[in-house]
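Within every chain, numbering begins at 1; the chains are lettered A, B, ... in the order of the sequence lines, protein sequences first and strands thereafter. Everything numeric here is computed off the predicted structure, so don't read it as measured data.
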Number of protein chains: 4
Amino acid sequence: MPKIEISDIRRRELIAATIATIYEQGFADATVARIARRAGLSTGIVHHYFRDKDHLLEATMRSLASGLGMEIAARLASAERPRERLEAVIDGNFSATQFTREAVTAWTCFWSQVPFSERLSRIQRVIYSRLRSNLLHALRQMMPAQQAEDTAFGLITIIDGLWLRAALDGEGLDPVRARALAYGFVDTRLPAGSKSNEAAA
Amino acid sequence: MPKIEISDIRRRELIAATIATIYEQGFADATVARIARRAGLSTGIVHHYFRDKDHLLEATMRSLASGLGMEIAARLASAERPRERLEAVIDGNFSATQFTREAVTAWTCFWSQVPFSERLSRIQRVIYSRLRSNLLHALRQMMPAQQAEDTAFGLITIIDGLWLRAALDGEGLDPVRARALAYGFVDTRLPAGSKSNEAAA
Amino acid sequence: MPKIEISDIRRRELIAATIATIYEQGFADATVARIARRAGLSTGIVHHYFRDKDHLLEATMRSLASGLGMEIAARLASAERPRERLEAVIDGNFSATQFTREAVTAWTCFWSQVPFSERLSRIQRVIYSRLRSNLLHALRQMMPAQQAEDTAFGLITIIDGLWLRAALDGEGLDPVRARALAYGFVDTRLPAGSKSNEAAA
Amino acid sequence: MPKIEISDIRRRELIAATIATIYEQGFADATVARIARRAGLSTGIVHHYFRDKDHLLEATMRSLASGLGMEIAARLASAERPRERLEAVIDGNFSATQFTREAVTAWTCFWSQVPFSERLSRIQRVIYSRLRSNLLHALRQMMPAQQAEDTAFGLITIIDGLWLRAALDGEGLDPVRARALAYGFVDTRLPAGSKSNEAAA
DNA sequence: AATGAATGAGAATTCATTCAT
DNA sequence: AATGAATGAATTCTCATTCAT
């Protein structure tokens with residue numbers, strides 16, 4: 001049984017405070033002081049747990065990515081057929097715990113930093129690769145390689161586009177509608193036999 | 001013949017410098033001083049032409065939006081059939097002058113600010129409405145209303161997703177591939193007779 | 001007949017605009033640009049008529065002083081007896097044209113600058129000397145020299161104090177009350193035969 | 001024993017530095033940087049203890065007012081008869097610790113700001129009310145109400161006028177002469193029995 | 001582990017002044 | 001005589017980071 005370190009607790013609290021602060025004040029106004037205050041800690045301690053602000057932001061993005069990854073992994077674990085694996089990826093991306101207003105807002109902020117930060121860029125690449133690999137693994141069993149490649153690319157684009165929409169539309173985006181678009185896209189690419197509505201029928 | 005005001009020239013130069021600086025240094029490091037220097041001007045003059053930095057950024061986003069809008073409008077002007085109108089919108093979004101690395105980078109930055117700025121949010125809403133209205137106008141002549149609605153939403157999501165992809169992928173995104181995804185999405189939603197490959201045939 | 005130079009007109013306009021701007025925006029916010037705008041002129045022209053801002057301010061203080069001086073001089077011209085000369089000085093200081101909200105506000109600002117500006121300090125000294133000399137001239141004919149000296153000092157202090165009060169009290173100071181205090185002070189210092197109420201009787 | 005907070009110490013130091021800097025450089029040149037340097041601190045810390053420059057200035061004016069108030073209060077504590085209360089107020093205003101060149105200079109600066117700052121205006125009103133109330137309390141026991149009112153007004157005007165004189169006259173003002181004027185004014189208003197020279201006799 | 005005082009660099013903004021037109 | 005574009009220094013304020021306690 002792994003001991004729960006107090007340092008891990010603090011780190012988690014600070015990451016959560018970072019996400020909350022970005023959501024409430026915006027990326028530019030998410031200062032170390034404000035994040036620390038939100039976590040109920042002092043300014044100084046932040047640098048005890050994270051080397052500097054960049055490392056805290058990096059850890060935050062990584063944490064968001066890992067939350068998403070675990071959500072998907074959990075669903076993949078109980079997926080057997082290719083179609084189910086696809087659904088695991090899509091549903092994971094729009095699950096109630098991940099597809100939140102806080103998360104989409106934070107993601108949009110991190111995306112805007114990616115082109116200027118090698119660290120964030122690396123995280124972004126890892127997420128993309130993992131997502132693509134998951135999708136290809138399923139799609140290749142359902143269609144020719146090139147078509148699978150294109151479908152994976154399209155699906156990732158749609159997922160990202162939906163997250164962006166959710167951040168841009170003040171009122172938030174209906175996860176049902178989001179999933180519907182993603183499923184709809186996949187369905188038109190699949191051979192007749194593996195469509196979801198037929199599976200449901 | 002409208003006189004070319006020097007103030008219009010300066011404003012344009014400053015907006016261009018803003019986009020370039022954001023692209024090269026990132027949103028956070030796009031300081032007024034750096035933008036001014038890039039425009040070959042002094043810091044002070046920026047506030048002579050734009051009340052403050054927020055207004056300059058707003059004008060920049062507006063300028064990007066208007067560039068995109070004009071690109072699309074120009075193509076719409078010579079479009080007659082619904083299918084052509086669709087193509088005008090898509091092609092406008094991925095034209096060589098608009099779908100640049102500078103532009104996609106700047107857009108990603110502005111998107112990240114939208115949730116925290118009523119001004120930018122308003123611009124974003126106008127762009128979205130215009131795009132949606134253009135698409136619906138064409139799509140309603142090709143399919144039932146609800147389906148047109150969904151297709152427009154999907155297409156916008158894909159377009160935004162592709163712009164985001166272009167910003168996130170270091171090497172840039174092939175506009176041909178981008179267009180292919182968008183066209184492909186539309187084609188699967190259209191009745192057989194109006195597909196692009198058949199039109200081309 | 002002296003020709004009225006346009007430069008004199010401009011100078012007067014700028015001085016008037018300076019007083020008005022100080023009154024409306026405060027000394028710190030009375031910028032050259034705002035003063036010029038209020039005078040309906042451009043920023044640049046201010047430096048054509050006044051070497052720099054300091055000179056404009058100096059001219060403004062001088063103009064206020066000269067207005068006050070002329071108001072007093074006019075009354076002194078028709079004063080014959082010492083008592084009338086005293087009244088001329090007091091009434092001049094609280095006349096409707098000089099004892100205005102604009103003027104008292106501007107004076108307070110200039111006073112605060114006096115200790116740090118040799119130029120303004122010199123003007124201040126001239127005003128003080130002139131006032132003192134006018135008062136002494138009258139008072140020495142009514143009382144012993146030392147007593148005249150003290151009375152002049154007291155009266156000047158009261159006059160300045162009243163101007164200050166007028167600036168500090170938001171609602172403005174009743175000139176009747178102001179004059180009453182000044183007259184009252186003088187009366188208590190005078191031998192019975194020359195009091196104002198008796199003179200009026 | 002109340003713990004002496006370091007924040008109180010710093011605040012006091014900064015306020016003292018503000019007064020000194022205003023005295024030496026003038027109100028306009030009393031920049032945050034200069035004040036901080038004079039206090040031996042960095043610019044940044046000023047905003048740690050005072051929200052912004054306005055708050056520092058407000059605290060400084062308040063501190064001056066409170067110094068004066070305590071000086072008067074201390075004398076009032078040992079005053080028994082009305083006449084002694086009057087003396088307490090006057091002497092407090094011209095005591096060696098309060099009637100300094102630094103203080104009179106700073107006051108003149110603050111007075112010039114009063115008409116443009118609601119905050120400073122409020123402080124000014126409080127000071128005035130307190131002074132007036134102290135004086136009326138004593139004067140009403142020595143003369144009719146209306147006359148007490150006028151005398152209080154006159155005395156306050158003279159006190160302010162003397163402070164102003166002290167700031168304007170380069171060489172400084174003799175506190176003995178200042179007190180003499182104030183006492184002389186009061187004496188002429190009092191019934192014979194309560195004059196100071198007679199009391200001293 | 002934790003605090004928060006303190007620093008100092010750097011940001012936006014203002015403004016007097018100059019100068020080409 | 002007049003404009004207003006342009007400059008660049010100066011100012012206030014913010015913030016990440018450090019460090020003594």
Starting at the 5' end of DNA chain E and moving along, which residue's nearest nucleotide shows up first, A28(B) or S7(A)?
S7(A)
I want to confirm an ordering. Mapping D29(B) and H48(D) to their closest nucleotides on DNA chain E, which one lands closer to the 5' end?
H48(D)
Rounded off to whole Å, could you give me the CD-to-P distance for the E13(A) and dA1(E) pair?
13 Å
Sugar-phosphate only, base, or nothing, as touched by F50(B) at under 4.0 Å among non-hydrogen atoms
nothing
What does T43(B) touch in the nucleic acid at a heavy-atom separation under 4.0 angstrom: a base, only the sugar-phosphate, or nothing?
base
What nucleic acid atoms does S42(D) come within less than 4.0 Å of, heavy atoms only: base, sugar-phosphate, or nothing?
base
Would you kindly give the CG-to-P distance between L41(B) and dG4(F), to the nearest whole Å?
19 Å
Nearest-Å distance, CG (L14(C)) to C1' (dA16(E))?
15 Å
How many angstroms lie between atom OG1 of T105(A) and atom CD1 of I19(A), to the nearest 0.5 angstrom?
11.0 Å
Within a 6.0 Å radius of atom CZ on R125(C), are there more than 12 heavy atoms belonging to other residues, nucleotides or ligands?
yes
Rounded to whole Å, how long is the line connecting atom CZ of R34(B) with atom P of dG8(F)?
18 Å
How long is the straight-line distance from CG of L56(C) back to CZ of R11(C), given to the nearest 0.5 Å?
11.0 Å
Please tell me which of the listed nucleotides, dT13(E), dA16(E), dT7(F), lies nearest to the side chain of V32(B)?
dT13(E)
Quick one: R51(D) CZ to dT12(F) P, roughly how many Å, whole number?
17 Å
Rounded to whole Å, how long is the line connecting atom CD of E5(D) with atom P of dT21(F)?
17 Å
Contact class for R37(C) vs. all strands (heavy atom < 4.0 Å): base, sugar-phosphate, or nothing?
nothing
From L120(A) CG over to F110(A) CZ, what is the distance, rounded to the nearest 0.5 angstrom?
7.0 Å
What is the base-pairing partner of dC15(F), counting Watson-Crick and G-U wobble geometry with both distances under 3.5 Å?
dG8(E)
Out of dA16(E), dT7(E), dA11(E), minimum distance to the side chain of K53(C) belongs to dA16(E)
Hey, which of these two, R10(C) or A33(D), hits DNA chain F nearer its 5' end, going by closest nucleotide?
R10(C)
With the side chain defined as heavy atoms from C-beta on, I45(C) is closest, among dA6(F), dA6(E), dT3(F), to dT3(F)
Under 4.0 Å: is that the gap between some side-chain N or O of H47(C) and OP1 or OP2 of dT17(E)?
yes
Q25(B) CD to dG10(E) P, straight-line distance once rounded to whole Å:
14 Å
R34(D) bridged to E24(D) by N-O distance under 4.0 Å
no
Could you let me know what dT21(F) is paired to, Watson-Crick or G-U wobble, both distances under 3.5 Å, or none if it's on its own?
dA2(E)
Within this structure, what is the CG-to-P distance between D54(C) and dC15(E), rounded to whole angstrom?
16 Å
Please assess R62(A) against S66(A) for the test side chain to side chain donor-acceptor pair (under 3.5 Å), listing each intermediate value before the final yes or no.
CA-CA 6 Å; R62(A) 219 181 275 282; S66(A) 124; over 6 Å; no
